[in-house]
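Numbers here simply count residues along the sequence, with the first being 1. Each ligand, and each atom within it, is numbered from 1 in the order the structure gives.
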Amino acid sequence: MGSLEGKVALITGAARGQGRSHALALAAEGADIVAWDLPRSMSSLTYPLATQEDLDLTAKLVAERGRRCLSLSVDVSDSSQVNAGVERTLDQFGRLDIALANAGIVTIGPLVGVTDEAWDEMVATNLTGVFTTLRAVVPPMLRQRWGRIVVTASMGGRMGIKGQSAYNATKWGVIGLAKSLALEVANDGITVNIVCPCTVRTPMVQPDPDRAVPEESVRQLTRGNPIARPWIEADDVTRAVMYLVQDPGVLTGTIMDVSLGSSARMS
Ligand SMILES: NC(=O)c1ccc[n+]([C@@H]2O[C@H](COP(=O)([O-])OP(=O)(O)OC[C@H]3O[C@@H](n4cnc5c(N)ncnc54)[C@H](O)[C@@H]3O)[C@@H](O)[C@H]2O)c1
């Protein structure tokens with residue numbers, strides 16, 4: 001029997017990348033899965049978001065692991081969609097135990113070139129989207145007096161990075177949101193933790209798996225990491241997430257850097 005048998009886990013941005021990897025690991029441990037994603041484009045992005053086929057594939061892979069999957073098209077920046085998605089979850093499963101606020105987007109470039117549109121879309125998804133998700137999932141967890149919440153920030157939320165000012169602002173923001181919520185629910189059986197990955201090889205970084213990332217980018221990424229590798233894989237982050245959701249309830253308000261050693265340079 002898996003350690004999460006009988007639990008229901010919601011993952012935002014679950015159609016691909018880290019979100020799908022987390023969904024499959026949770027399912028393998030026995031959790032039923034609620035997979036949200038936004039299968040549409042955003043005008044400020046230079047890479048495509050997930051498709052309906054991606055979301056359907058996540059659901060199929062969860063089912064292959066013997067678990068139920070409710071997959072829904074939910075834009076986390078829209079609180080009415082988020083609230084309706086949590087209601088559908090409770091109607092279908094009667095509970096909600098784990099929530100991973102993972103959905104996010106990125107636009108890179110110097111601050112002076114960041115358009116209003118790029119700023120608005122990033123703040124809406126990466127910051128407002130985590131707020132709407134946490135606000136909606138906490139009430140059922142309070143009723144159950146048990147919950148595990150993990151927010152995906154980034155190493156960009158731990159430091160300044162040239163060319164990432166807008167993205168990093170959203171990621172610093174969600175750390176403050178999650179840590180403050182952790183204090184609010186500390187005695188209610190709910191933990192709230194944060195994972196901060198360095199570069200992860202997902203479609204956000206390599207949109208077309210058949211087209212390699214340019215060698216110069218790989219060299220630059222590798223140079224920046226104490227462990228001389230350009231990136232980590234989605235399942236490297238999943239292991240951190242699984243540790244946090246399986247914790248008996250003593251770890252809260254914690255940031256787990258998954259960073260190829262970058263945190264060794266920070267206090
Ligand atoms: N890939 C990296 O290098 C990296 C590094 C650090 C942190 N992160 C963060 O990790 C998280 C997961 O990213 P990933 O690497 O798996 O990238 P990804 O682009 O493969 O996955 C992100 C998912 O979120 C979905 N999404 C985007 N906007 C949404 C919205 N408004 N509502 C619902 N779903 C939405 C996308 O369709 C996609 O499926 C993000 O928060 C990202 O910022 C990524």
Side-chain angles (χ1 to χ4, degrees), residues 10-24 34-58 71-82 85 100-108 120-133 150-159 161 164 166-175 178 194-209 213 217-218 221 224-225 229-238 240-241 255-260 262:
L10 161 68
I11 302 107
T12 71
R16 69 183 194 191
Q18 296 174 58
R20 178 188 283 163
S21 172
H22 303 341
L24 301 187
V34 181
W36 289 357
D37 211 290
L38 173 70
R40 72 161 167 87
S41 59
M42 272 190 218
S43 45
S44 68
L45 298 183
T46 55
Y47 64 96
L49 293 183
T51 62
Q52 185 61 46
E53 290 70 38
D54 293 327
L55 189 53
D56 293 345
L57 180 57
T58 295
S71 63
L72 296 175
S73 173
V74 172
D75 180 348
V76 292
S77 68
D78 179 339
S79 62
S80 60
Q81 289 187 36
V82 168
L100 308 183
N102 161 79
I105 59 171
V106 68
T107 298
I108 287 180
D120 288 345
E121 288 189 337
M122 248 181 314
V123 170
T125 294
N126 297 4
L127 186 53
T128 306
V130 175
F131 160 68
T132 59
T133 302
V150 181
V151 169
T152 302
S154 167
M155 285 309 284
R158 307 279 275 142
M159 59 179 86
I161 301 177
Q164 285 192 204
Y167 177 77
N168 286 13
T170 65
K171 295 301 188 179
W172 279 74
V174 292
I175 292 174
I194 302 125
V195 285
C196 285
C198 60
T199 304
V200 192
R201 193 156 62 102
T202 65
M204 182 180 274
V205 170
Q206 189 180 15
D208 179 350
V213 177
S217 308
V218 174
L221 284 167
N225 292 324
R229 286 169 45 184
W231 44 54
I232 54 175
E233 303 291 336
D235 61 353
D236 294 319
V237 186
T238 296
V241 168
I255 299 176
M256 197 175 278
D257 298 331
V258 189
S259 72
L260 291 173
S262 307

Subset of ligand 1 atoms that lie under 4.0 Å from at least one heavy atom of [X]:
{"X": "Thr199", "value": "3 (O)"}
{"X": "Val205", "value": "1 (N), 2 (C), 3 (O)"}
{"X": "Ala50", "value": "37 (O), 39 (O)"}
{"X": "Met42", "value": "28 (N), 31 (N)"}
{"X": "Asn102", "value": "11 (C), 12 (C), 40 (C), 41 (O)"}
{"X": "Asp75", "value": "30 (C), 31 (N), 32 (N)"}
{"X": "Ile105", "value": "27 (C), 28 (N)"}
{"X": "Ala153", "value": "7 (C), 9 (C)"}

Is a donor on one side and an acceptor on the other found under 3.5 Å between the side chain of [X] and the backbone of [Y]?
{"X": "Thr133", "Y": "Gly129", "answer": "yes"}
{"X": "Asp257", "Y": "Met155", "answer": "no"}
{"X": "Thr238", "Y": "Ala234", "answer": "yes"}
{"X": "Asn168", "Y": "Met159", "answer": "yes"}
{"X": "Tyr47", "Y": "Asp208", "answer": "no"}
{"X": "Asp78", "Y": "Asp75", "answer": "no"}
{"X": "Ser154", "Y": "Lys171", "answer": "no"}
{"X": "Asn102", "Y": "Thr12", "answer": "yes"}
{"X": "Gln206", "Y": "Arg201", "answer": "no"}

- Item | Pairing of Asp37 and Arg16 as salt bridge, 4.0 angstrom limit | no
Would [X] count as a contact of ligand 1 if the rule is a heavy atom under 4.0 Å away?
{"X": "Cys198", "answer": "yes"}
{"X": "Asp37", "answer": "yes"}
{"X": "Tyr167", "answer": "yes"}
{"X": "Val237", "answer": "no"}
{"X": "Gly129", "answer": "no"}

Protein residue, atom and distance nearest to [atom], heavy-atom basis:
{"atom": "atom 20 (O) of ligand 1", "value": "Arg16 NE, 2.9 Å"}
{"atom": "atom 33 (C) of ligand 1", "value": "Val74 O, 3.2 Å"}
{"atom": "atom 30 (C) of ligand 1", "value": "Leu38 CD2, 3.6 Å"}
{"atom": "atom 14 (P) of ligand 1", "value": "Thr202 OG1, 3.4 Å"}
{"atom": "atom 6 (C) of ligand 1", "value": "Pro197 O, 3.3 Å"}
{"atom": "atom 24 (O) of ligand 1", "value": "Gly13 CA, 3.5 Å"}

- Query: Taking all non-hydrogen atoms of both residues, which atom of Trp36 and which atom of Val82 are closest, and how far apart?
  - Reply: CH2-O, 3.5 Å
- Query: For Cys196 and Ile175, which heavy atoms make the closest approach, and how far apart are they?
  - Reply: SG-CD1, 4.0 Å
Between ligand 1 and [X], is the shortest N or O to N or O distance under 3.5 Å?
{"X": "Val76", "value": "yes"}
{"X": "Trp36", "value": "no"}
{"X": "Tyr47", "value": "no"}
{"X": "Val200", "value": "yes"}

- From His22, Gln81, Gln18 - option closest to atom 10 (O) of ligand 1 by heavy atom: Gln18
- Task: Using heavy-atom distances, let me know which of Gly104, Gly17, Ser21 sits nearest atom 22 (C) of ligand 1.
- Result: Gly104
- Task: Please step through side chain to side chain donor-acceptor pair (under 3.5 Å) for the pair Asp54 and Thr51, ending with a clear verdict.
- Result: CA-CA 5 Å; Asp54 293 327; Thr51 62; 3.1 Å; yes
- Note on the structure: So for Lys171 against ligand 1, with non-hydrogen atoms under 4.0 Å, the contacting part is side chain
- Kindly indicate, with the supporting measurements, whether the criterion side chain to side chain donor-acceptor pair (under 3.5 Å) is fulfilled by Thr125 and Ser77. CA-CA 5 Å; Thr125 294; Ser77 68; 5.1 Å; no
- Task: With the side chain counted from C-beta on, respond yes when Gln18 and Val241 share a heavy-atom pair under 4.5 Å apart, and no when they do not.
- Result: no
